[in-house]
Amino acid sequence: MRNINLRFAEEEYAPDGQLAAFRVKCPENFNFGYDVVDDIGVNDPDRRAMVWCNPEGEEHVFTFGDMKRWSDKTANFLAEQGIGRGDMVMVILRRHYQFWFVATALAKLGAVMVPATFMLKDHDLEYRLNGASIKAVIATSVGEIADVVDHVAPGCPSVEKLILVNGAGGGLTEPDADGVIRVPEGAQLGAALSGPEGICAAPIERAGWVDFNTGVRAASEDFARRETHALDPMLMYFSSGTSGNPKMVLHDSEYAIAHLITAKHWHNVRPDGLHFTIADTGWGKAVWGKYYGQWLMEAAVLTYDFDRFHPSEILSLIGKYRVTTLCCPPTMYRMMMQENIDRYDLSSLEYSTTAGEALNPDLFAFWKEHTGLTIYEGFGQTETPLTIANLVGSTPKPGSMGKPVPLYTIEVQRPDGTRCDTGETGEVCIDISSKMAGIMMEYYRNDEKTKAAMHDGWYHTGDTAWVDEDGFFWYVGRNDDVIKSSGYRIGPFEIESVLLEHDAVRECAVTGVPDPVRGLAVKATIVLAEGFTGSDELTHELQTWVKHRTAPYKYPRVVEYVDALPKTVNGKIRRAAIREMDEAKEREVPEGLI
């Protein structure tokens, strides 16, 4: 073991063993590809980096030596395609192992990786390609995203190169009547591609595209270090905004090091363990839990290249591969609750974490009862790494995000910039009076929004919370999600969390609707669980349920039952879309009044 993490951070611990201070040490020429992946790949080449599998039956165990070799070959291949320092490259690769080759290769070249989800449609993709002046697109053959690229690329003059990766199924292979995926003998799919000889072995042809797998296999594995700088742009994500076009969030290489907090002090990964974060590579959560911090800790990650989440599959994988640490959103934990969880072997699990939504207490208690493990919540954004969390050694309060991580100074502030009192709701703000590792460089090509978020020495997150007497932060909602009703400021998360504890509620979103007396009234838009039907009786039952579990003024005075909730391409509920639909209904003129 190289103890690489100690090169790039200074840590101090309190007498009780909890992390008390954390400072990033980032050399001027730090490059994650060279200084982490290659360092381990040369000096500890047999150390396991990733266990990868898919529903079709293909399986690989990649060492760091493998990752160095394949990322070097990929870097040579991409350089042959004209990709170099500063170029913007969109990467749409689902959970294919080629993503890790590409991410590391682009870092080595000094290019900027722009991950995106495979769920993008024409408008979404065209906006991104033109907005960021994307030079090349590296996309999967699985699903329809290559069709979308072909449709919009002619209207995107910056795009010079289209590169296609044969995704070898990606979990989309249709099972037979018995639910079993059967691969024809001799097909370049499934178990036939397992092992070293199967890596990038399946070619593909498509007019106007370059075949990634064939090109990379043919490329030289000799790649010399190129000049890059740590403060150059390295990574850019499009934020999953609830309204308007998404912002382009630009990060430098210090962002990678800042994720040591994520992996070491929140996920609690260890070098001989196997960490499993469930996230598609188009989301920022993928590099949070499947790349930067974990490999800085010289730990292996598990990647399952599936299409649709089935809790039984995930629970089976934990036992099969002896997963030690797990991170997934509360929604997935809730779906696991619907399974007979005790019939799965979860004995290897040592630690569990979650982020992205409110963690309702019944889920917290259920997981503790059936696994013996506490779920440790955390909070961060596309613009940041982990910023608030229940770190290793802490005692969480179920439902609280935790406390600020020692890397950052964080306050909850009023609109005038003064600090809120205990229990008072305000905006979560991070001190950036000096450059802080991990905080975004800027909203690319949007000075107005950058200045609105980063001013007077603080990064204004746009998220609201309150702090209790013990210093724990409690999430309320996005600034524009907070409901102001009868003088109260009501956050949607708390009400949603309570509703989700009811057996009838599968998903829900809480918003405000115009009310002549209160200004806004609380509305719950609900997707019911199987076996339940919306009715006046159920509405009354749910309203009473909320009244008995939180302040009575917070209960939903309006309840609407729907088949599905509007979501962003990243799967987050779009409360803004619900508000817009309600406003449109308000504007409708009743028939007969025209």
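As the structure is a computational prediction, the values presented were derived from the model and not from experiment. Atom set for the values below is all heavy atoms of this structure, side chains included, hydrogens, waters and symmetry mates excluded.
Take Ala107 and apply the side chain to side chain contact (heavy atoms under 4.5 Å, CB included) test, not counting sequence neighbours, and it matches Asn31. The side chain to side chain contact (heavy atoms under 4.5 Å, CB included) test applied to Val148 returns Asp122, Leu125, Ile145, not counting sequence neighbours. Looking at residues two or more places apart in sequence or on another chain, you find no side-chain hydrogen bond (donor to acceptor under 3.5 Å, both in side chains) involving Gln338. Considering only residues two or more places apart in sequence or on other chains, Phe306 meets the ring pair (Phe, Tyr, Trp, His ring centres under 6.0 Å) condition with Tyr304. Looking at residues two or more places apart in sequence or on another chain, you find a ring pair (Phe, Tyr, Trp, His ring centres under 6.0 Å) between Phe212 and Phe77. Residues passing the salt bridge (Lys or Arg N to Asp or Glu O under 4.0 Å) test with Asp362, sequence neighbours excluded: none. Partners of Ala389 under the side chain to side chain contact (heavy atoms under 4.5 Å, CB included) rule, at least two apart in sequence or in another chain, are Trp266, Leu386, Leu391, Val405. Under the side-chain hydrogen bond (donor to acceptor under 3.5 Å, both in side chains) criterion, Trp209 pairs with Asp150, sequence neighbours left out. Judged as a side-chain hydrogen bond (donor to acceptor under 3.5 Å, both in side chains), and not counting sequence neighbours, Lys320 has no contacts. Remark: Glu339 engages Pro311, Ser312, Leu315, Arg343, Tyr344 in a side chain to side chain contact (heavy atoms under 4.5 Å, CB included) (not counting sequence neighbours). With sequence neighbours excluded, the residues satisfying ring pair (Phe, Tyr, Trp, His ring centres under 6.0 Å) with Tyr333 are Trp367. Judged as a side-chain hydrogen bond (donor to acceptor under 3.5 Å, both in side chains), and not counting sequence neighbours, the contacts of Asn5 are Lys264.
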Walk me through it: do Lys68 and Glu221 pass the test salt bridge (charged side-chain N to carboxylate O under 4.0 Å, His left out)? CA-CA 9 Å; Lys68 178 189 180 336; Glu221 59 187 71; over 6 Å; no
Go through Phe8 and Leu6 one step at a time and tell me if the side-chain contact (heavy atoms from CB on, under 4.5 Å) criterion holds. CA-CA 6 Å; Phe8 302 116; Leu6 300 180; over 6 Å; no
Could you walk me through whether Arg95 and Asp307 pass the salt bridge (charged side-chain N to carboxylate O under 4.0 Å, His left out) test, one step at a time? CA-CA 9 Å; Arg95 295 172 176 87; Asp307 180 52; over 6 Å; no
List the steps, then state whether salt bridge (charged side-chain N to carboxylate O under 4.0 Å, His left out) holds for Lys25 with Glu254. CA-CA 9 Å; Lys25 298 188 299 181; Glu254 279 193 322; over 6 Å; no
Before giving the answer on side chain to side chain donor-acceptor pair (under 3.5 Å), spell out for Tyr321 and Glu59 the whole-Å C-alpha distance, their side-chain angles and the decisive distance to 0.1 Å. CA-CA 11 Å; Tyr321 292 106; Glu59 181 180 274; 2.4 Å; yes
I would like to know whether Ser220 and Lys73 meet side chain to side chain donor-acceptor pair (under 3.5 Å); could you show each step before the answer? CA-CA 5 Å; Ser220 169; Lys73 288 169 72 68; over 6 Å; no
Apply side-chain contact (heavy atoms from CB on, under 4.5 Å) to residues Val165 and Ile138 and explain how you reach the verdict. CA-CA 7 Å; Val165 173; Ile138 305 175; 4.0 Å; yes
Begin from the C-alpha positions of Arg206 and Asp147 and carry the test salt bridge (charged side-chain N to carboxylate O under 4.0 Å, His left out) through to its verdict. CA-CA 10 Å; Arg206 187 182 179 99; Asp147 296 329; 2.6 Å; yes
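At a cut-off of 3.5 Å, with distance as the only test, no side-chain donor of Thr324 or His275 sits close to an acceptor on the other residue. Counting only N and O atoms by type, the side chains of Thr325 and His267 include no donor and acceptor under 3.5 Å apart. No side-chain N or O of Tyr292 forms a donor-acceptor pair with one of Gln294 less than 3.5 Å apart. Ser347 and Arg322 share a donor-acceptor pair across their side chains, judged by distance under 3.5 Å alone. For Glu383 and Tyr255, the side-chain atoms include no donor-acceptor pair closer than 3.5 Å. Side-chain contact annotation: Tyr34 with Asp39, donor-acceptor N/O pair under 3.5 Å absent.
Although no hydrogens or angles enter the test, the distance criterion places a donor-acceptor pair under 3.5 Å between the side chain of Glu56 and the main chain of Thr173. Under the 3.5 Å distance criterion, the side-chain polar atoms of Glu298 are matched with a main-chain donor or acceptor of Ile4. The closest donor-acceptor contact from the side chain of Asn268 to the backbone of Tyr351 lies at 3.5 Å or more, if one exists at all. In terms of modelled atom types and a separation under 3.5 Å, the side chain of Trp100 and the main chain of Lys290 share a donor-acceptor contact. No donor-acceptor distance shorter than 3.5 angstrom exists from the side chain of Arg128 to the backbone of Pro246, with no hydrogens or angles considered. Counting only distance, with no hydrogens or angles, the side chain of Ser141 and the backbone of Gly167 share a donor-acceptor pair below 3.5 Å. In terms of modelled atom types and a separation under 3.5 Å, the side chain of Asp44 and the main chain of Ile40 share no donor-acceptor contact. In this structure a side-chain-to-backbone donor-acceptor pair under 3.5 Å is missing from Thr117 to Gly282. Checking side-chain atoms of Thr63 against main-chain N and O of Arg48 turns up no donor-acceptor pair under 3.5 Å. A donor-acceptor contact shorter than 3.5 Å links the side chain of Asn213 to the backbone of Ala202.
In summary, Asp66 and Arg47 do not engage in a salt bridge, as defined by a charged side-chain N under 4.0 Å from a carboxylate O. The existence of a salt bridge linking Glu377 and Lys397 is excluded, since no basic side-chain nitrogen approaches an acidic carboxylate oxygen closer than 4.0 Å.
Screening Phe32, Phe101, Trp283 against Tyr291 for a ring pair (Phe, Tyr, Trp, His ring centres under 6.0 Å) leaves a single residue, Phe32.
Contact between Ala355 and Gly378 at its shortest, heavy atoms only, is CB-O, 3.4 Å. Across all non-hydrogen atoms, the minimal contact from Thr281 to Leu93 is OG1-C, 3.9 Å. In terms of heavy atoms, Ala75 sits closest to Ala105 at N-CB, 3.5 Å. Listed here is the closest heavy atom pair of Val301 and Gly289: CG1-O, 4.1 Å. Nearest heavy-atom pair across Arg506 and Leu500 is O-CD2, 3.6 Å. Minimum heavy-atom separation, Pro330 to Thr354: CD-OG1, 3.0 Å.
Within the cation-pi definition used here (under 6.0 Å to the ring centroid, within 45° of the axis), Lys403 does not qualify as a partner of Phe473. In this structure, Arg94 satisfies the cation-pi test against Phe118, with its NZ or CZ atom closer than 6.0 Å to the six-membered ring centre and inside 45 degrees of the ring normal.
Within the 4.5 Å cutoff, side-chain heavy atoms of Ile341 are placed close to those of Leu346.
The neighbour count for Gln18 CD, taken as heavy atoms of other residues, nucleotides or ligands under 6.0 Å away, is above 12.
The ring of His60 has its center closer than 6.0 angstrom to the ring center of Tyr97.
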